[in-house]
Protein chains: 2
Amino acid sequence: MAVDTPWLDEEQLAAWVRLVAIVELLPGVLDSQLRRDAGLTHFEYYALAMLSEAPQRTLRMTSLGMQTNASLPRLSHVVRRLEERGLVERFPCPDDARATNARLTEAGWAKVREAAPGHVSTVRQNVVDALTASQVAQLTAIGDAILEKLDPHGTMSATYNRYDRSPE
Amino acid sequence: MAVDTPWLDEEQLAAWVRLVAIVELLPGVLDSQLRRDAGLTHFEYYALAMLSEAPQRTLRMTSLGMQTNASLPRLSHVVRRLEERGLVERFPCPDDARATNARLTEAGWAKVREAAPGHVSTVRQNVVDALTASQVAQLTAIGDAILEKLDPHGTMSATYNRYDRSPE
DNA sequence: TAGTGTCAGTTGTAGCAACAACTAAAGCGT
DNA sequence: ACGCTTTAGTTGTTGCTACAACTGACACTA
């Protein structure tokens, strides 16, 4: 592999360097706002948000892992910590004794509602409101193209297909 | 703050979800390829690459920290580990006794050259070659707009301005 | 219904990052 | 020349993530 790969040209390098910078900077910005205002990491917030939108506010660990792009070990640790804080509860899945369901508690639901406005505000300030409407559409298309490579099995697609541009 | 922030509309949410997915997935892809093929994290590779392009292959810790978007504590740990592996050497800056210079060793230079092709190949496969030429240009513009918010002081701009689209 | 392989999840360990506290040198005003 | 502030960097601790090993349950075959 990679024996005969040409280096990036100037335009490609310009785009790549910017993407690297964003990937490096954005998590820190999201994390620090959420930690400061709600005591949550961005990953924890995202997991709680996924639960909050699920039927019964309940998901199997595997589904939650796919929607948040977490390995099962990582998710297991995170959910255990969230459970210790009373934001989530786990119970065995009735249909499959191997599986575990994670359900948002009332406190967890309250936490999501409490954290959401500040988070959305951060997202707007740093990303969405910095772009024109057509740039937003371009970013969606670019994101689809990249994710087809990064996430070919579409494990996270349960999430992003739901927010597709063409509803039907 | 954020008292009256409207929620994202459908187009905005579609773009945001995709960006989150990329930010979550891309570091893992870059790290695992580089770890497997060169025994480096992406951050270590990036730091070595910045040194390799600097005059004398030497940079002050502060400069390197800005170009890689690392806090000084983080950089200090990373450079110490790289030094223990013989890829980098540190020496006091002659002009300013407070400052430390980091210089790429021969082994470090060899390591960068060894690691670069596989890394570029990964970048192409997962990002650059998935995009059309106009999407690459769009991504550059979008990146600039976002980074103006994420990195207003342009600490990382030393890097990305160098690869600007309009050389003169 | 016993055996084998796969799936779902947990637990333990090691390594990296964030944060805070600290040292030391430089700049600056008086 | 003396203090005060800022700058540059290191060190220590805590917490999260990745990886590997493990337990237990389902599925399929004979």
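By convention in this document, chain letters (A, B, ...) are assigned in the order of the sequence lines, proteins followed by strands, and residues within each chain are numbered from 1. Excluded from the calculations below are hydrogen atoms, water molecules and symmetry mates; all remaining heavy atoms, backbone and side chain alike, are included.
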Quiz item: Hey, which of these two, Thr41(B) or Ser32(A), hits DNA chain C nearer its 5' end, going by closest nucleotide?
Solution: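 Closest to the 5' end, via its nearest nucleotide, is Thr41(B).
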Roughly, in whole Å, what's the span from [atom1] in [X] to [atom2] in [N]?
X	N	atom1	atom2	result
Asn69(A)	dC16(D)	CG	C1'	16 Å
Arg80(A)	dT11(C)	CZ	C1'	9 Å
Leu34(A)	dG15(D)	CG	P	19 Å
Glu24(B)	dT17(D)	CD	C1'	11 Å
Leu25(A)	dA17(C)	CG	P	15 Å
Arg35(B)	dA18(D)	CZ	C1'	8 Å
Arg74(B)	dC16(D)	CZ	C1'	14 Å
Asp31(B)	dG15(C)	CG	P	16 Å

Check whether any side-chain N or O of [X] sits under 4.0 Å from OP1 or OP2 of [N], and answer yes or no.
X	N	result
Arg81(B)	dC16(C)	yes
Arg90(B)	dT10(D)	yes
Arg98(A)	dC26(D)	no

Considering only [options], which nucleotide approaches the side chain of [X] most closely?
X	options	answer
Phe43(A)	dT17(D), dT11(C), dA17(C)	dT17(D)
Ala97(A)	dA25(D), dC19(D), dA8(C)	dA25(D)
Leu72(B)	dT17(D), dC19(D), dT10(D)	dT10(D)
Ser76(A)	dA17(C), dT11(C), dT17(D)	dT11(C)

Practice problem: Tell me, with the steps shown, if Gln67(B) and Ser63(B) meet side chain to side chain donor-acceptor pair (under 3.5 Å). | Solution: CA-CA 6 Å; Gln67(B) 289 189 31; Ser63(B) 308; 5.9 Å; no
Exercise. Identify whether any heavy atom of Asp96(A) sits under 4.0 Å from a base atom; if not, whether one sits that close to sugar-phosphate; answer base, sugar-phosphate or nothing.
Key: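 Sugar-phosphate: the residue Asp96(A), judged by heavy atoms under 4.0 Å, touches backbone atoms but no base.
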Quiz item: Taking atom types as modelled, is there a side-chain donor on Asp129(B) or Gln125(B) under 3.5 Å from an acceptor on the other?
Solution: no
Quiz item: Taking for each residue the nucleotide of DNA chain D bearing the nearest heavy atom, is the 5' side occupied by Asn101(B) or by Glu44(A)?
Solution: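 Its nearest nucleotide being more 5', the pick is Asn101(B).
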Practice problem: Might you confirm whether atom CD of Glu84(B) has over 12 heavy atoms from other residues, nucleotides or ligands at distances under 6.0 Å? | Solution: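 It does: Glu84(B) CD has more than 12 such atoms within range.
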Quiz item: Is a donor-acceptor pair below 3.5 Å formed from side chain His77(A) to base dG15(D), judging by atom type as modelled?
Solution: no
Quiz item: When rounded to the nearest 0.5 angstrom, what is the spacing between CG in Leu139(A) and CZ in Arg18(B)?
Solution: 9.0 Å
Exercise. To the nearest 0.5 angstrom, please state how far the OG1 atom of Thr100(B) sits from the CG atom of Leu75(B).
Key: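 Output value for this atom pair is 10.0 Å.
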